[in-house]
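First the structure, in the form of structure tokens, and then the observations on it.
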Amino acid sequence: MKALEGVKILDFTHVQSGPTCTQLLAWFGADVIKVERPGVGDATRKQLVDVPGADSLYFTMLNHNKRSIELNSKNETGKEVLTRLIQECDVLVENFAPGALDRMGFSWERIQEINPRIIMASVKGFGPGQYEDCKVYENVAQCAGGAASTTGFLDGPPVVTGAQIGDSGTGLHLALGIVTALFQREKTGRGQKVLAAMQDGVLNLCRVKLRDQQRLAAGPLKEYSQFGEGVPFGEATPRAGNDSGGGQPGRILKCKGWETDANAYTYFITQAAVWEAICDVIGKPEWKTQEGYATPPERLDKLNEVFDAIEAWTMTKTKFEVMDICNPLNIPVGPILSMKELAEDDGLRETGTIVEVDHPERGSYLSVGCPIKLSDSPVDVTRSPLLGEHTTEVLSEVLGYSGEDLDRVIGSGAVGEVKADAAE
Ligand code: CAO
């Protein structure tokens, strides 16, 4: 048995933010029925195509374990089928541009009329207010949520991060909102509206930067490298390069081979508790007791000197040797791993964090499996559906259409061209 077995999700999501949410729910056992525009489908099916004619990795990696039904929600029969789906499902998840569902004729009020127990969960770019009508993509959210202004180096422009905190991050927030609403429904019997705005999600992940914004009022942020460099602080939380962001100073440092390998680096944290071990490892035993170096506050204005000395040592070792030497001493370090190294990591494959999936159009590909492991609800990652692969199955098995009624719906054109053998 899976944790969310029996929960039916009407998945009206597209691109990345919504699909990451419903993919998680599918991995936890929910029956996720993805509704797609006939003949077109989720736009990502045909974005960044690497195998001509096949669904892109962009799509396949975000839509595992789902069923796909083609449905034109803007014509009469399509609306009839959508209404039936709303009646049958526990949750409707969507990340359309603001107002799109209302324009289809499915406002929250109408949806509640159809099924008072349903949970309607939405990703939008912004919450209610000035920007609520804006369309938003990943990097816009990173910029509007405070990530870009606090990422990068002091002397450079704002930088966006490769981690999709706006899309996948908000998908995660939404998934938590959905299971929480399902839990509350157990007691109240009522559905509710769940909103995760991308700006809010990014800001939540940038919480420590808002912490620092307020600390500025009490003086310079002494753990930031710019403090030791004598660069004055301005009015807003500055970009901090690779500074650690916490109370234990850290940096990215070069390792052996950095001249030719773009990822021959390590993250190194000068945790106070292991300062003496660090001094011994890098060949600076005198720093253990020397005035100006022995305690964390004394070192804050010398971070460049300290990290230069540590780097002189890390440059004599590979990033993995640094780890092998430091880990037994409890010195927190981490190699900068490339995507190639992660893809080839046997340990990640053993835990199911990296999975190899077979697909009829594209053969085998790698994906990121479920990052959350439940001991009593194991995850089996299955391939993403072809467009409309389960249209007939959903119409008959989930919605109970049969005989002439089924023929009428199929003949109406509302559900695309039904492929009888699509699932084979
Ligand atoms: N049948 C008929 N029409 C359908 C349909 C279906 N099955 N599925 C979608 N449509 C229609 C929508 O109703 C909408 O029509 P209207 O413009 O007439 O209302 C139209 O398709 C386009 O939908 P959209 O505006 O959501 O899509 P877009 O490509 O123009 O915008 C995006 C994409 C992501 C910018 C926008 O959806 C958005 O801002 N979403 C909220 C924030 C979000 O999730 N952003 C992250 C996206 S990437 O991870």
Side-chain angles (χ1 to χ4, degrees), residues 10-24 33-48 56 58-59 61-63 66-86 92-107 110-111 120-128 131-145 147 160 162-175 177 194-202 385 387-388 390-391 394-395 409 412-417:
L10 196 178
D11 181 8
F12 230 155
T13 70
H14 64 158
V15 203
Q16 187 182 161
S17 63
T20 54
C21 166
T22 51
Q23 177 168 263
L24 281 170
I33 300 166
K34 184 168 172 107
V35 177
E36 298 184 81
R37 214 168 347 173
V40 183
D42 187 325
T44 58
R45 285 187 185 268
K46 296 291 166 262
Q47 273 175 17
L48 312 178
S56 70
Y58 197 3
F59 178 82
M61 291 177 71
L62 288 164
N63 290 284
K66 302 180 185 179
R67 303 203 258 184
S68 163
I69 166 171
E70 279 175 291
L71 186 68
N72 182 349
S73 55
K74 285 186 173 165
N75 77 14
E76 276 321 301
T77 313
K79 285 180 202 281
E80 171 199 317
V81 175
L82 187 56
T83 305
R84 290 280 301 113
L85 276 165
I86 293 169
L92 184 164
V93 192
E94 63 93 23
N95 67 313
F96 289 126
L101 262 188
D102 298 85
R103 288 193 287 277
M104 277 179 205
F106 291 90
S107 62
R110 173 77 191 115
I111 288 169
M120 186 178 102
S122 305
V123 170
K124 293 289 167 263
F126 293 93
Y131 302 117
E132 66 186 310
D133 291 331
C134 299
K135 289 188 175 184
V136 168
Y137 283 105
E138 172 69 47
N139 288 345
V140 175
Q142 287 197 23
C143 293
V160 293
Q164 304 286 282
I165 56 176
D167 281 342
S168 290
T170 308
L172 263 167
H173 283 89
L174 192 71
V194 178
L195 170 67
M198 295 168 78
Q199 181 185 39
D200 300 5
V202 171
L387 178 60
H390 306 97
T391 300
V394 170
L395 287 174
V409 171
S412 72
V415 293
E417 236 176 75

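In listed order, ligands and their atoms are each counted from 1. All of these numbers come straight from a predicted model, not from anything done at the bench.
Classified by interplanar angle (parallel below 30°, tilted 30° to 60°, perpendicular above 60°), the ring pair F126/Y131 is tilted.
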Hey, what polar pairs (N/O, under 3.5 Å) does ligand 1 make with protein?
residue, atom, partner, partner atom, Å
ligand 1, 1 (N), S73, N, 3.1
ligand 1, 1 (N), S73, OG, 3.1
ligand 1, 7 (N), L71, O, 2.8
ligand 1, 15 (O), K74, NZ, 2.9
ligand 1, 18 (O), K74, NZ, 2.8
ligand 1, 19 (O), R103, NE, 2.8
ligand 1, 19 (O), R103, NH2, 3.2
ligand 1, 21 (O), R37, NH2, 3.4
ligand 1, 25 (O), K135, NZ, 3.3
ligand 1, 26 (O), A97, N, 2.8
ligand 1, 30 (O), K135, NZ, 2.5
ligand 1, 37 (O), H14, NE2, 3.0
ligand 1, 37 (O), N95, O, 3.3
ligand 1, 37 (O), A97, N, 3.1
ligand 1, 39 (O), V136, N, 3.2
ligand 1, 40 (N), N95, O, 2.9
ligand 1, 40 (N), F96, O, 3.4
ligand 1, 44 (O), S17, OG, 3.0
ligand 1, 44 (O), N95, ND2, 3.0
ligand 1, 45 (N), V136, O, 2.7
ligand 1, 49 (O), Q16, N, 3.0
ligand 1, 49 (O), S17, N, 2.9
ligand 1, 49 (O), D167, OD1, 2.8
ligand 1, 49 (O), D167, OD2, 2.8

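Under the side-chain contact (heavy atoms from CB on, under 4.5 Å) criterion, A196 pairs with T170, H173, L174, sequence neighbours left out. When the side-chain contact (heavy atoms from CB on, under 4.5 Å) test is applied to S68, the partners found at least two apart in sequence or on another chain are E36, R45, P385, L387.
Residue pairs meeting the salt bridge (Lys or Arg N to Asp or Glu O under 4.0 Å) criterion with at least one member in residues 11-24, sequence neighbours excluded, are D11-K66.
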request  = Dump the intermediate steps for side-chain hydrogen bond (donor to acceptor under 3.5 Å, both in side chains) on Q164 and Q16, then the final yes or no.
outcome  = CA-CA 9 Å; Q164 304 286 282; Q16 187 182 161; 3.2 Å; yes
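Put simply, CG on L62 and OG on S17 are 9.5 Å apart, with the number rounded to the nearest 0.5 Å.
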